[in-house]
Asks: 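I am attaching a structure below and will ask some questions about it afterwards.
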Amino acid sequence: MSGGFGSGGAAADPVTRGEPAKKGLHVITWGCQMNVYDSGRMADVLAPLGYGPAGSLEGADMVLLNTCHIRERASEKLFSELGRLRVLKEARAAAGERMILAVAGCVAQAEGADILTRAPYVDVVLGPQSYHRLPEMVARAARAGGAVIDTDFPAESKFDHLPEAAAPQGLTAFLTIQEGCDKFCSFCVVPYTRGAEASRPAAAVLAEARRLVAQGAREITLLGQNVNAWHGEGPDGQPASLARLVRWLAEIPDLARIRYTTSHPRDMDEDLITAHGEVAQLMPFLHLPVQSGSNRVLAAMNRGHDVAAFRRIIARLRAARPDIALSSDFIVGHPGETEQDFVATLDLVREIGFAGAFSFKYSARPGTPAAGAAGQVPEAQKDRRLQELQTLLRDQQAAFNAGCVGLSVPVLFTGKGRHAGQIAGRSPWLQPVHVIGPESLIGREMPVKIAAAHTNSLSGTLEQERVCA
Ligand code: SAH
Ligand code: SF4
Ligand code: F3S
């Protein structure tokens with residue numbers, strides 16, 4: 001499954017843009033889906049400067065690293081990658097060519113000029129709110145040499161500055177509608193790296209969605225660090241929440257599937273739960289991080305909800321949409337977590353039953369309240385708890401997948417499968433599904449009779465050659 005924040009590995013993005021490229025750009029992205037989306041936007045704003053996809057990393061005129069700061073290991077990746085790039089940059093310099101190294105994303109925001117102390121060969125450092133200024137910064141770095149830094153939090157959100165996204169994303173597209181976080185969970189860097197919550201206006205979201213669909217998207221995933229905190233204004237001037245936005249999106253012809261991620265339990269309002277029961281395009285799958293099953297730990301985490309509130313939300317969601325599947329994020333070993341607290345997390349997982357989940361060892365992040373808190377949990381305890389939790393979650397995922405065998409499931413086919421003659425797509429619950437079938441079905445949603453469940457995917461046979469209702 002996918003969909004969680006901060007869970008992705010590095011990806012070299014296929015940043016293909018219209019104009020014939022005179023200069024090669026290579027983008028490496030870590031972290032959440034929003035970073036993936038932002039990388040595309042940065043490639044968009046660089047295209048007018050003549051940047052297009054580089055043939056190879058070695059031959060790139062500019063390498064852009066879009067970074068993640070969520071856990072210690074995530075941010076350390078930047079410096080090991082920079083060490084490797086330094087060698088390439090020096091090799092290019094020896095050949096009389098320039099390689100501009102730009103560091104963007106959450107490590108750039110959190111560490112700013114300190115990056116240059118550790119890696120003085122970096123040319124550009126810019127935080128997530130400054131992407132619209134990238135062309136100017138690159139031009140300055142290219143002209144003058146010497147590093148250019150921008151990690152300001154401007155008064156307006158970046159939504160006010162970035163031009164419309166230009167590049168088609170294909171059959172499944174991401175659309176950022178909200179950014180930032182005001183919740184200040186004890187352990188988390190996001191409020192410091194992404195700034196305060198900001199929503200993109202409804203009209204801009206709908207315009208981008210229509211364009212994505214016109215470019216071929218059949219599924220759109222709305223993105224935000226707290227996507228269900230999105231709020232805006234309807235055409236009637238009335239305040240609108242995510243539920244209304246979803247209903248407007250559902251009116252776009254040919255948009256078959258709508259998803260949103262990541263949500264916070266505190267913002268899971270009644271209208272949104274009702275929409276899950278009423279809007280057919282809203283997929284029956286929700287990633288709703290709970291972090292812990294212990295009220296004591298939830299309070300220490302400053303989550304602003306307790307276990308009972310989470311249970312109530314799940315019960316209401318299941319009443320509205322009985323086939324809804326759930327995923328979540330968990331942290332083990334938050335400061336102060338006792339064995340009893342951890343057992344309460346296992347109990348909650350057993351009670352709810354998840355189709356998938358991301359679980360992490362608590363990682364102290366400089367500047368966050370939990371980093372200096374008493375009761376830091378020894379590493380060995382964290383390891384053991386994580387293993388135990390992950391075993392349980394893996395079993396639940398396997399049981400969920402096994403439960404699909406024998407069902408007829410609508411699959412949106414998005415590409416060829418790994419083996420000859422196969423095509424692959426996703427179920428409503430985000431499981432990859434592969435079947436033997438013609439490539440002509442790519443882009444269509446078709447019913448598949450599920451025959452087998454594998455560790456992370458399903459396989460089956462096409463029921464019949466017709467589009468699902
Ligand atoms: N906005 C989302 C999650 C954003 S961060 C929410 O509120 O739930 C993605 C996930 O990374 C979090 O849900 C959490 O499980 C994990 N995470 C964040 N900070 C962490 C830290 N310091 N150590 C370990 N895991 C962390
Ligand atoms: Fe981080 Fe909490 Fe905000 Fe999620 S709600 S981004 S975990 S501070
Ligand atoms: Fe990582 Fe920043 Fe996303 S810290 S998870 S890239 S918001």
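First listed ligand is number 1; within each ligand, the first listed atom is number 1.
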Asks: Could you list which atoms of ligand 1 come closer than 4.0 Å to a heavy atom of His264?
Replies: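 Per the distance check, 7 (O).
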Asks: For Phe187 and ligand 1, does the shortest N/O to N/O distance drop below 3.5 Å?
Replies: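 Yes - when backbone and side-chain N and O of Phe187 are compared with those of ligand 1, one distance drops under 3.5 Å.
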Asks: Please report whether ligand 1 has a polar contact with Gln291, defined as an N or O pair separated by less than 3.5 Å (distance criterion only).
Replies: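 Yes: some nitrogen or oxygen of Gln291 is under 3.5 Å from one in ligand 1.
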Asks: Please list, in number order, the atoms of ligand 3 under 4.0 Å from a heavy atom of Asn35.
Replies: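 Listed by number with element, the hits are 6 (S).
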Asks: Kindly indicate, with the supporting measurements, whether the criterion salt bridge (Lys or Arg N to Asp or Glu O under 4.0 Å) is fulfilled by Arg385 and Glu388.
Replies: CA-CA 5 Å; Arg385 287 178 193 170; Glu388 220 175 300; over 6 Å; no
Asks: Going by distance alone, is a donor N or O of one side chain under 3.5 Å from an acceptor N or O of the other, for His334 and Ser186?
Replies: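 The criterion, which ignores hydrogens and geometry beyond distance, is satisfied for Ser186 and His334.
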Asks: For ligand 1, which atoms sit closer than 4.0 Å to a heavy atom of Arg71?
Replies: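 In order of numbering, the contacting atoms are 11 (O), 16 (C), 17 (N), 23 (N), 24 (C), 25 (N), 26 (C).
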Asks: Could you confirm whether His69 has any N/O/S atom lying under 2.8 Å from atom 1 (Fe) of ligand 3?
Replies: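 No.
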Asks: What I'd like to find out is whether the side chain of Arg384 reaches to under 4.5 Å of the side chain of Phe342, using heavy atoms alone.
Replies: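 They are in contact (side-chain heavy atoms under 4.5 Å apart), so the answer is yes.
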Asks: Short list, please: which atoms of ligand 2 are under 4.0 Å from a heavy atom of Arg303?
Replies: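 Selected atoms, number and element: 2 (Fe), 7 (S).
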Asks: With 2.8 Å as the threshold, which protein atoms of type N, O or S lie near atom 3 (Fe) of ligand 2? Leave waters out.
Replies: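 Correct list: Cys181 SG.
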Asks: Would Tyr362 count as being in polar contact with ligand 1, using the rule that some N or O on each side must be under 3.5 angstrom apart?
Replies: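 No, since none of the N or O atoms of Tyr362 sits under 3.5 Å from an N or O of ligand 1.
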Asks: Does Ile70 come within less than 4.0 angstrom of ligand 1, counting non-hydrogen atoms of the residue?
Replies: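 So Ile70 counts as touching ligand 1.
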Asks: Taking 4.0 angstrom as the limit, do Glu76 and Arg73 come out as a salt bridge?
Replies: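 So Glu76 does not pair with Arg73 through a salt bridge.
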Asks: Is any side-chain heavy atom of Gln215 closer than 4.5 Å to a side-chain heavy atom of Gln169?
Replies: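 Of all side-chain heavy-atom pairs linking Gln169 with Gln215, none is under 4.5 Å.
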Asks: Provide the number and element of each atom of ligand 3 under 4.0 Å from a heavy atom of Gln225.
Replies: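 Answer, ordered by atom number: 7 (S).
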Asks: Using a 4.0 Å cut-off to any heavy atom of Thr67, which atoms of ligand 3 qualify?
Replies: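 So the answer, numbered in order with elements, is 6 (S).
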Asks: May I ask you to check whether Asp271 and Thr274 show a side-chain donor-acceptor distance below 3.5 Å?
Replies: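 Short answer, no.
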Asks: In terms of atom number and element, which parts of ligand 3 are under 4.0 angstrom from non-hydrogen atoms of Cys32?
Replies: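 It comes down to these atoms of ligand 3: 3 (Fe), 5 (S), 6 (S), 7 (S).
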Asks: Assess the side chains of Ser39 and Thr29: does a donor N or O sit below 3.5 Å from an acceptor N or O?
Replies: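 There is such a pair (donor and acceptor under 3.5 Å, judged by atom type) between the side chains of Ser39 and Thr29.
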Asks: I'd like to check which ligand 3 atoms, numbered from 1 as shown, lie under 4.0 Å from a non-hydrogen atom of Cys106.
Replies: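 Heavy-atom distances to Cys106 below 4.0 Å select 2 (Fe), 4 (S), 6 (S), 7 (S).
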Asks: Under 4.0 angstrom from ligand 3, any heavy atom of Asn66?
Replies: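 It does not; every heavy atom stays at 4.0 Å or beyond.
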Asks: Give the contacting part of Met34 toward ligand 3: side chain, backbone, both or neither, where contact means a heavy-atom distance below 4.0 Å.
Replies: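 No part of Met34 comes within reach of ligand 3.
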Asks: So, do Leu64 and Tyr51 sit near enough that their side-chain heavy atoms are less than 4.5 Å apart?
Replies: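 Leu64 does not reach Tyr51 side chain to side chain.
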Asks: Whether Arg316 and Glu270 form a salt bridge (side-chain N of Lys/Arg under 4.0 Å from carboxylate O of Asp/Glu) is what I want to check.
Replies: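 Salt bridge present between Glu270 and Arg316.
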Asks: Is it true that Arg321 and Asp323 have a side-chain N and a carboxylate O under 4.0 angstrom from each other?
Replies: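 A salt bridge links Arg321 with Asp323.
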Asks: Of all the atoms in ligand 3, which lie at a distance below 4.0 Å from a heavy atom belonging to Cys68?
Replies: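 The atoms of ligand 3 under 4.0 Å from a heavy atom of Cys68 are 1 (Fe), 4 (S), 5 (S), 6 (S).
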Asks: Which ligand 2 atoms are under 4.0 Å away from a heavy-atom of Phe187?
Replies: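 Checking each atom against Phe187, I get 7 (S).
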Asks: Would a 4.5 Å heavy-atom cut-off, applied to side chains only, mark Arg365 and Glu72 as touching?
Replies: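 Touching, per the 4.5 Å side-chain cut-off.
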Asks: Regarding atom 10 (C) of ligand 1: of the candidates Thr262, Asp329, Ile331, which has the closest heavy atom?
Replies: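 It is Asp329 that holds the nearest heavy atom.
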Asks: Any nitrogen or oxygen of Ser363, side chain or backbone, less than 3.5 Å from one on ligand 1?
Replies: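 There is such a contact, yes.
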Asks: Do the side chains of Tyr192 and His69 get nearer than 4.5 Å, heavy atoms only?
Replies: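 The answer is no, as the side chains (C-beta and beyond) never meet within the 4.5 Å cut-off.
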Asks: Side chain of Asp329, backbone of Gln291: donor and acceptor closer than 3.5 Å?
Replies: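 Between the backbone of Gln291 and the side chain of Asp329 there is no qualifying donor-acceptor contact (under 3.5 Å).
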Asks: Is there a salt bridge (Lys or Arg N to Asp or Glu O under 4.0 Å) between Glu208 and Arg200? Walk through the geometry before answering.
Replies: CA-CA 11 Å; Glu208 185 165 342; Arg200 192 168 175 194; 2.5 Å; yes
Asks: Please say whether Ser263 places an N or O atom under 3.5 Å from an N or O atom belonging to ligand 1.
Replies: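 Ser263 vs ligand 1: no N/O contact under 3.5 Å.
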Asks: Could you tell me if the side chain of Leu286 sits less than 4.5 Å from the side chain of Tyr260, heavy atoms only?
Replies: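 SC-SC contact between Tyr260 and Leu286 confirmed.
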Asks: Take Lys361 and Glu379, measure what salt bridge (Lys or Arg N to Asp or Glu O under 4.0 Å) needs, and give me the verdict at the end.
Replies: CA-CA 9 Å; Lys361 275 194 293 184; Glu379 209 52 31; 3.0 Å; yes
Asks: If you measure from atom 7 (O) of ligand 1 to every heavy atom of Arg303, His287, Arg194, Gln225, which option wins on shortest distance?
Replies: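 Among Arg303, His287, Arg194, Gln225, the closest heavy atom to atom 7 (O) of ligand 1 belongs to Arg303.
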